[in-house]
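Only one structure is covered here, and it is reproduced in the block below.
What you see is a predicted model, and the numbers here were worked out from it, not measured in a lab. Just so we're on the same page: letters track the sequence lines, and every chain starts at 1.
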Protein chains: 2
Amino acid sequence: MKDKINKILQLSPDLFNSFWNRLEPESIPKGKYYIKEGQYSKKLALITKGAVYSFYSKEGEEIIEGFCFEGCFFTDYPSFINGIPSKKNFKAIEDTELLVISKEKLDGLYQANPSYERAGRLMAEYLFTSWEMKLRDSIFSSPTERYLQLAANRKDITQRIPQYLIASYLNITPQYLSQIRKKLAENE
Amino acid sequence: MKDKINKILQLSPDLFNSFWNRLEPESIPKGKYYIKEGQYSKKLALITKGAVYSFYSKEGEEIIEGFCFEGCFFTDYPSFINGIPSKKNFKAIEDTELLVISKEKLDGLYQANPSYERAGRLMAEYLFTSWEMKLRDSIFSSPTERYLQLAANRKDITQRIPQYLIASYLNITPQYLSQIRKKLAENE
DNA sequence: CTATTTCATTCAACTAGTTTAAGAAACACT
DNA sequence: AGTGTTTCTTAAACTAGTTGAATGAAATAG
């Protein structure tokens, strides 16, 4: 996992370890919130075990934005970066173990060594470009197509996550997802 | 305009000027492409005059992602950052004047001074967070609501941009936008 | 200043996705 | 095991948004 992460950050082994040693363990029990909308997200969290999903709430409904599994960093970036209240929520799907670093400590690293500045830039660029791809995908493809892609490329999601959450992620009702699955099964 | 830009980049006056002096003028005539999908986007461009829009093409249709006006930086970021072919197009809506910097020169700056590294990070973070807001907006609001927001907050768009492009931006057909406008006008 | 193309509107028929409501299946808990 | 709870499926009625075709208005070219 460390290797996978440093592929993005491109830090020297020493600097990477120094970053890693500043991470502190936390845990979230299944079904519990880690961040609620309105709160300030002051920590960057890495999942070492478990799964978390992020969602907006609209009229009591959860509108799921994404899922995070082992090896994935998450935080509410607008809140973390700009110090504004978070507009979304993060909740554990399973019992989850984290390694976290506070905004202050991270800023400390940025100032301590330009390599961290660079790592921060690479991270933001990485997030930004993956974001673009997600947006493109959601514009381009119908729910059926997106479900097919998910089933093909993201077994981690389709196998670990209940269907009504997947429906919310695809931005459709569970009933409609059921209908899609039925049609796909018929055409086998 | 310079002030507005350096509010994001947070460079010292000297470093900002040094960056600014590396920019080179280019121009795009109305209706012409600046980047076509499949090409490599190797420059970051700032609009000093005119307007540009970016779009994906799907079965011959243009699906508009966004508009850029004076003071706005644009490039295909995934292509620019990761050196992959661009998946979208950029075309001038009006005769447009640019200031551009190549990826190589920008990387040169990053290496020359950590302040640029920091500016790059701030830029990527800024883009990333505005992206999130755009995505949230498009998930949350109906086309009618989004049109109302546009009409209220983005006169630059509704006044300068033809309606069929706005429809594409809202991800609806021009016919439906017409219908929306009619209904809104009736309820005045 | 007319001819041509491009843009905006209207309408009717259609399709994709929602809603409501009900039953079936899986799960959790003494 | 059996009972309550949560998840998944099915179906019918509905709504939002599309398609296609026709019409008029505006911009552009020659």
Is there a side-chain contact between Lys182(A) and the phosphate of dC8(D), meaning an N or O under 4.0 Å from OP1 or OP2?
no

Quick one: which residue pairs count as a ring-ring contact (aromatic ring centres under 6.0 Å, His included) with a foot in residues 89-122 of chain B, not counting sequence neighbours?
Phe74(B)-Phe90(B)

Test salt bridge (charged side-chain N to carboxylate O under 4.0 Å, His left out) applied to Lys105(A) - qualifying residues, sequence neighbours left out:
Glu24(A)

Let me check something: any side-chain donor-acceptor pairs from residues 174-181 of chain B under 3.5 Å, sequence neighbours excluded? List them with distances.
from: Arg181(B); atom 1: NE; to: Gln163(B); atom 2: OE1; distance (Å): 3.4
from: Arg181(B); atom 1: NH1; to: Tyr147(B); atom 2: OH; distance (Å): 2.8
from: Arg181(B); atom 1: NH2; to: Gln163(B); atom 2: OE1; distance (Å): 3.4

Which residues, if any, of residues 146-159 of chain A bring a heavy atom under 4.0 Å of DNA chain C?
none

Distance-only criterion, 3.5 Å: show the donor-acceptor pairs between side-chain atoms of residues 8-16 of chain B and protein atoms not counting sequence neighbours.
from: Gln10(B); atom 1: OE1; to: Arg118(B); atom 2: NH2; distance (Å): 2.9
from: Ser12(B); atom 1: OG; to: Leu15(B); atom 2: N; distance (Å): 3.3

Taking 4.0 Å as the cut-off, does a side-chain nitrogen or oxygen of Arg181(B) come that near to OP1 or OP2 on dT9(C)?
yes

I'd like to check the salt bridge (charged side-chain N to carboxylate O under 4.0 Å, His left out) partners of Glu37(B); sequence neighbours left out, ordered by chain and number.
none

Are side-chain heavy atoms of Lys42(A) and Phe80(A) found at a separation under 4.5 Å?
no

In degrees rounded to 10°, what angle is found between the helical axes fit to the five outermost pairs at each end of the helix from dC1(C)-dG30(D) to dT30(C)-dA1(D)?
50°

On the 0 to 90° scale, with breaks at 30° and 60°, tag the Phe140(A)-Tyr56(B) ring pair as parallel, tilted or perpendicular.
perpendicular

In terms of side-chain geometry, is the basic nitrogen of Lys87(A) or Glu132(B) positioned less than 4.0 Å from the acidic oxygen of its partner?
no

Residues from residues 163-170 of chain A lying under 4.0 Å of DNA chain C - heavy atoms:
none

Can you tell me the distance, in whole Å, between the CD atom of Glu61(B) and the C1' atom of dT19(D)?
11 Å

Quick one, give me the B/S/- string for nucleotides 12-30 of chain C, reading 5' to 3', where B means a protein heavy atom under 4.0 Å from the base and S means that only happens at the primed atoms, P, OP1 or OP2.
----SBBBB----------

Flag the pair Tyr53(A) / Phe55(A) as yes when their ring centroid distance falls below 6.0 Å, and as no otherwise.
yes

Residues forming a side-chain hydrogen bond (donor to acceptor under 3.5 Å, both in side chains) with Gln39(B), sequence neighbours excluded
none

Can you list every pair that meets side-chain hydrogen bond (donor to acceptor under 3.5 Å, both in side chains) and has a residue in residues 92-104 of chain B, with sequence neighbours left out?
Glu94(B)-Arg160(B)

Using atom CD of Glu62(A) as one end and atom C1' of dT6(D) as the other, report the distance to the nearest whole Å.
14 Å

Can you give me every donor-acceptor pair (side chain of residues 25-33 of chain A, partner residue at least two apart or in another chain, under 3.5 Å) with its distance?
from: Glu26(A); atom 1: OE1; to: Tyr34(A); atom 2: OH; distance (Å): 3.2
from: Glu26(A); atom 1: OE2; to: Lys43(A); atom 2: NZ; distance (Å): 2.8

Arg121(B) vs Glu125(B), salt bridge (charged side-chain N to carboxylate O under 4.0 Å, His left out): CA-CA, chis, key distance, verdict:
CA-CA 6 Å; Arg121(B) 171 173 66 83; Glu125(B) 287 178 351; 3.1 Å; yes

Provide, to the nearest angstrom, the distance between the NZ atom belonging to Lys183(B) and the P atom belonging to dT10(C).
13 Å

